Every structure is written in C-alpha cells, then in structure tokens.
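A short worksheet on the structure shown next.
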Amino acid sequence: MFLSVFDVFKIGVGPSSSHTMGPMTAANRFLDLILSDSWPRPHGAHVAALKVSLHGSLAYTGIGHGTGRAVIIGLTGEAPDSIEPDRMDAIVEEVEKTGKLQPPGHPAYAFQPKDDLVFDKKTPLPGHANGMRFSALDRDGRMLLTTVYYSIGGGFVVTDTELAAMQAAKKNSGGRKVPYPFSSAREMLDMAARSGLTIAQMKRANEETVMDRQSLDAGLDRIWDAMSGCIDRGLKQEGKLPGGLNVRRRARSIHDKLQEEWRSNRQNPLLANDWLSVYAMAVNEENAAGGRVVTAPTNGAAGVIPATIRYYLHFHPDADQNGIRDYLLTAAAVGGIIKHNASISGAEVGCQGEVGSASAMAAAGLAAVMGGSPEQIENAAEIALEHHLGMTCDPVAGLVQVPCIERNALGAVKAVTAASLALKGDGQHFVPLDAAIETMRQTGNDMNEKYKETSLGGLAVNVVEC
C-alpha cells in the first residue's frame, strides 16, 4: 500500500477538503472528460449545457461549506491548488450574471446555478456519503454524458468505477511497488526493525521510487511554506468570519497577548498550550474564511499539524528544515495507514477521522523529530487517536467554524501530550495503533448519520435551538 506524502498533504482552499476542494476537482475532471474520446459521443452531438446534483452530506452541508461555489469555480476551469481565493467571489458572480461557463479550451456552456445546481437531500448515492453527479446535455436538453464522483476525504475524488477498483485493490493489497509497502502499523514496525531505518527513511525511500531526493525535498518545503504562510496570515487578520454565525476571529488578539507576555518575561504555566492553540486557530480561521490551506489530512483538521510543527520550531533548540521534512514524512506514513484501513472523512466516520487522524499524525511526526524510536512513534499516534475515538462531526450551520476551529487547537494539544507520554516510555503499550484505527472504523460505521457532517444532530441542532 502506497499513498504519497503529496496525496496526504495537498495545497488548496477552504473551508473543506471534502466539500470544497473535492467538488472543485470533480468539476475539473468532468471538463477533461467532455473533451476526451473516452465516451460514446452521438454523431453530430455537441455539449451545450451542464447540470450538477449534490447528494448526501454534500447536499446537507454544502451551502455552509461552499460546495456549490466550488463546483461553479471548478467548472470554469479553476483548480484548488492554483485559484486565488480573492478571485473566487467574482468568478461566481459572473456565472450567475451571464448563465454561462467558459472554461479554457471549451465552448461556452449554459449553466444557471439556481436551476442547474441541485442540492438533493432525498437521493443518497451508494458509494459514499459525499456523492455528486455531473451531466452534459445538448442544446435540446438530451443527456449526452453523466458521471458520478465521490469526494472521499482529504480532497481525494474518484468515480464510482474507480471507487470499486480501490476497494478491490485494498482487499488484494494492490498498488504501486515500493521498497517498504507497509499497509498497517504492525508491518511498518516490522519493516523498520528488519531494515534498521526510521519511519521517515522508509517513507522517503518509497517516495524516491518516483522522484529524486531534490524534488522530494523541494515538495516537502513547499508544503511547509504553505502551512507556515497560512499561520502567518491567520495571525494578522481580524473581523468576523463569513457564513452568518458572526464568529469573530480570535487568533490575532490571542497572539498579541502572548507576544506581550513573551516580551515581559511574565510566567505563564500554560504558555506552550497557548502557543499551540493560537497557531491552530489561525489556520482554521483562514480555512473558514476560504483562504489557502493544506489538507492535513483534511481542511477541517488543517490546523493541528502546522501548529505542532511551529511549536517544534519555537520550543526545540535543534529544530531545522530536515526535521520538518522528517516530521511530514512520518506523519504522512501514519496518515496513509489510517486512510487505508479506516477513513479520514468526517462524512464517513465523524470528526474522529479528521481531527483524530490529524492529531495521531502530528503526534507521530513530533515524536519522530524529538528522537523517538519507531515503537515510540507508533505509541504516540495511538495515544492521540485513542482519545479522539467517537468524536462526532456536527458543525453548526454546516460551517467549518463551531466547534471545528477550537477542536483543532485541542487536537494539537493532545498531539503534543501524546508524543510526550510516548517518549517517556519504551514504546511498549497495551493498545496497538492498528486496534485504535480499526475501532475508529467500526465506531464510524455504527455512528448515526446525523453525527457525520450533516448538521442534523449534536451542537448543530442544540446551539441553534438554544
């Protein structure tokens, strides 16, 4: 099983990897499909109009997550890793005004968002909770092409046939051939013991089957630069977040107070936690505002890993760029195991799959750069994940704001605590990481759908009622 570090960490825009980046990517893919020769085009037929329907969690919380907006932008040919967030509103307004899409290399397509973009809450699609159907029609309204896509978490998008192939490959342990093909934590530890390599070194060897060392390091540095830039932007912004809840940004004011304490040398027994929290909140406030973020492993959990890396740089005297690279490689190794054996999608397993996974990845990365053995790293990830098990995804008003922003801060605190506990032990512990991952999968299967990113239960209901 191989999942690249650049599949786990993807640069995009907020507020949601599943509900924003995924649908935008699906729209890009459908545009490519229209121009391809891979579908039976009737003689003389030309695509003149497009329609999209959103299903499951995308239908229930798509408005709050900006899903419709993302689909429109994607259908104009813009991609999540390159779109300038400041241009997004203008793009949507132009489509709404003209009723047309004009992606590069395509003719103009008729598309009236109020009629041709449907939030279908009645018809779930069978493959995944985040389903969407894209259709192309001729000038007489006859269907020429229709394709179902699923946004399966972390910005990953697959068709219904690709999803079936993925599930078959998972059963058959298929995938790219790499030197260290671990698909579980147990296999990862066994390979580390036999090879004498660290988890980061094994992950690096796997990545270098498709790219050279310089390209890998440059890619890892780009990921951290994007994460760090997101923290810095979030620490400078003020005002209310969009969406109607009137939630105020707090990261800047908290940061200013911490800076004042730092300069005055006043004792603060909560100092490390405060810095962790403000870094995480800065990222997730940017995400909620639709800014540029990195899936880590999702947008809703994007603050945990950047916060713990900045914490490492802030408080560890030996921190350096190589340490950041090892952190990201180790975190990606753990994230790949979680995604392979359970899920990182809130719509599938609740927030245990998003912030829980991020916290486990962050704990593993931090333990690695603090000198932990592979066994201590696995222990750190297990501690962090175990104490997120059962966490629901119940965003108020379908927005990635309450409780998501603070939840990232607590996920970062748990990650540091988990790493610290693991490093004080010898790596031997009672619950294996694989057992925690399997428990998360089972718990997600048992969880009521209203607690899985539909905003039909939990805080999403009770805060509004109060």
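Quick caveat, the model's predicted, so the values are computed rather than measured. Computed from heavy atoms alone, side chains included, the values below leave out hydrogens, waters and symmetry copies.
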Stepwise, does the side chain to side chain donor-acceptor pair (under 3.5 Å) test hold for E453 with H65? CA-CA 10 Å; E453 211 167 356; H65 285 84; 3.3 Å; yes

Please name all residues satisfying salt bridge (charged side-chain N to carboxylate O under 4.0 Å, His left out) with R222, sequence neighbours left out, ordered by chain then number. none

Holding to salt bridge (charged side-chain N to carboxylate O under 4.0 Å, His left out), I want the full list of residues that pass it with E78, two or more places apart in sequence or in another chain.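 Testing E78 for salt bridge (charged side-chain N to carboxylate O under 4.0 Å, His left out), a comparison that skips the adjacent residues, returns R87.
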
Would you call [X] and [Y] a salt bridge, taking side-chain N to carboxylate O under 4.0 Å as the test?
| X | Y | answer |
| --- | --- | --- |
| E286 | R249 | yes |
| D81 | K10 | no |
| R186 | D190 | yes |
| R292 | D86 | no |
| D446 | R441 | no |
| E406 | R250 | yes |

Would you kindly check if the NZ (Lys) or CZ (Arg) of K452 is within the cone defined by 45 degrees around the ring axis of Y60 and under 6.0 Å from the six-membered ring centre? no

Do we get K177 above F2's six-membered ring, with its NZ or CZ under 6.0 Å from the centre and within 45° of the axis? no

Would you mind telling me which of N28, I91, V92 makes a side-chain contact (heavy atoms from CB on, under 4.5 Å) with T76? I91

Taking atom OH of Y451 as the centre, does the number of heavy atoms from other residues, nucleotides or ligands within less than 6.0 Å exceed 12?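 12 or below, so no.
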
Do P297 and M361 have side-chain heavy atoms sitting under 4.5 Å apart?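 Yes; the side chains approach each other to less than 4.5 Å.
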
Heavy atoms, side chains only, cut-off 4.5 Å: are I63 and F119 in contact?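 Of all side-chain heavy-atom pairs linking F119 with I63, at least one is under 4.5 Å.
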
On the 0 to 90° scale, with breaks at 30° and 60°, tag the Y279-H314 ring pair as parallel, tilted or perpendicular. tilted

Partner set under side-chain contact (heavy atoms from CB on, under 4.5 Å) for L35, not counting sequence neighbours: H106

Taking all non-hydrogen atoms of both residues into account, name the closest pair between A289 and L241 and its distance.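 For A289 and L241, the tightest heavy-atom pair comes out as CB-CD2, 4.1 Å.
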
